[in-house]
Colleague: 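One structure, pasted below without further comment.
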Amino acid sequence: MSQLQLDKLTKVFTDDDGSDIVAVDGVSIDIEDGEFLVLVGPSGCGKSTTLRMVAGLETVTSGDIRLGDRTITDQKAQERDIAMVFQSYALYPHMTTRENMSFGLEESTDMSTDEIYDRVEQAAELLGIAALLDRKPTELSGGQQQRVALGRAIVREPEVFLMDEPLSNLDAKLRSSMRTELQRIQEDLDTTTMYVTHDQTEAMTMGDRIAVLNDGRLQQVGTPLECYHRPANRFVGGFIGEPSMNFFEMTVEGDRLVSDRLNYPLSAETADAVAGSDRVTLGIRPEDIEIVDRPADDHAFETVVDVVEPRGNENSVYLMFGDQETEENPETFVAIVNGMSRVEAGEPVVAHVPEDAVHLFDADSGDALRNRVLDDLDETEPRV
Ligand code: ATP
């Protein structure tokens, strides 16, 4: 167990034409001892490269990696007390579960056969695969193979686990149960863990904290709820949350936000927050849009239901400004409403958005100017 620190970590690749690809750009994250940190971001944002640098599988262009009180930036992978679990299980097909799990210890440590036997038994117990120790990989399901791959990392009792999309080969149901199980195992072992995924649901549900990466740059590090309710910028607001936050480009006119479609009045406090800007992006989470019969105040606007996607407990209702038939660019946005509510495609409705729920971002930089008001979330600023 140890604290893992990434300090201005940068990786520049050179492509075939000799031009630079900045895959990871000055990323600094402190991962606490025993913490489960999820590194999340879209494909190509530099997640795997970051993890591979920490593992020692990729050289570092600049910056440092520290584990506990040691700098490990230039150490060989074998010298780092770090175990990595990949998306592909990469089990040896001719070996049993027990052999797959003990192989690394036999090769790289001077542990006795009895000690290795005990470690494998313990890890197999923890992972619920004790009955499968004599089976070969072809006799195991995908989920069981993934557990063996995890077991191989666990028996090493490393200071840090690195996991690169370890659940992505599993079907949706198994993935969801393995998410819970992995969290339980990580909590039991209390090993500092860095987990990479492009799946924001995985990040939200598994991480003590999440680090959001885009284009090689760190956007925000915070608890899942901080990133959800207090996004540091428009990118985080849009990336975290499913369905995504709705965005509207608005002009600031005194104490109103105005567009071709909307005219949204602001309280003095919110108007102050955007006073320096001419243009802002208005962000509204789908669950913050209420569909009402008639406007209760002037934070409401008339729309038409485009499509309703029922999901049982709730419905995604796609709303539209203007008429699908006649408008050249009918702008749509999505609201989440109770599954029992009855609205139908084509129906005109009133959408109400309380001002407390509104996010505002600088139209150019995307930086958050004002996040939704929430009393019960710790009043800390997002850490960037
Ligand atoms: P994914 O979720 O698709 O795996 P990622 O976030 O893990 O993506 P990386 O694999 O870290 O992204 O890649 C980051 C950037 O670096 C990408 O633009 C990628 O094309 C580039 N890249 C990665 N490895 C190399 C390499 N060996 N040579 C050149 N460019 C590379």
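Note that ligands are numbered from 1 as they come in the structure, with each ligand's atoms numbered from 1 the same way. The chain is numbered in sequence order, starting from 1. The analysis underlying the following values was restricted to heavy atoms, covering all of them including side chains, and did not include hydrogens, waters or symmetry mates.
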Colleague: For the residue pair F301 and F321, categorise the inter-ring angle as parallel (less than 30°), tilted (30 to 60°) or perpendicular (more than 60°).
Modeller: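 Ring orientation of F301 relative to F321: tilted.
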
Colleague: Does the ring of Y228 carry R285 above it, NZ/CZ under 6.0 angstrom from centre and within 45° of its axis?
Modeller: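 Judged by the rule, R285 and Y228 form a cation-pi pair.
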
Colleague: Quick check: Y195 with F36 (ring centres under 6.0 Å apart)?
Modeller: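 F36 vs Y195: aromatic centres under 6.0 Å.
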
Colleague: Dump the pairs for me: ligand 1 N or O, protein N or O, distance under 3.5 Å, to 0.1 Å.
Modeller:
unit_1, atom_1, unit_2, atom_2, d
ligand 1, 2 (O), K47, NZ, 2.9
ligand 1, 3 (O), S43, OG, 2.6
ligand 1, 6 (O), G44, N, 3.4
ligand 1, 6 (O), C45, N, 3.1
ligand 1, 6 (O), G46, N, 3.0
ligand 1, 6 (O), K47, N, 3.0
ligand 1, 6 (O), K47, NZ, 2.9
ligand 1, 7 (O), S48, N, 2.9
ligand 1, 7 (O), S48, OG, 2.8
ligand 1, 8 (O), G44, N, 2.8
ligand 1, 11 (O), T49, N, 2.9
ligand 1, 11 (O), T49, OG1, 2.5
ligand 1, 12 (O), G46, N, 3.3

Colleague: The criterion is side chain to side chain donor-acceptor pair (under 3.5 Å); which residues satisfy it with R279, sequence neighbours excluded?
Modeller: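 Once residues adjacent in sequence are excluded, the partners of R279 under the side chain to side chain donor-acceptor pair (under 3.5 Å) criterion are D364.
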
Colleague: Run the side chain to side chain donor-acceptor pair (under 3.5 Å) test against E58 and tell me which residues pass, sequence neighbours left out.
Modeller: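 E58 satisfies side chain to side chain donor-acceptor pair (under 3.5 Å) with R52 only.
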
Colleague: Can you tell me which residue pairs pass the side chain to side chain donor-acceptor pair (under 3.5 Å) test with a partner in residues 145-154, sequence neighbours excluded?
Modeller: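 Sorted result for residues 145-154: R147-E181.
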
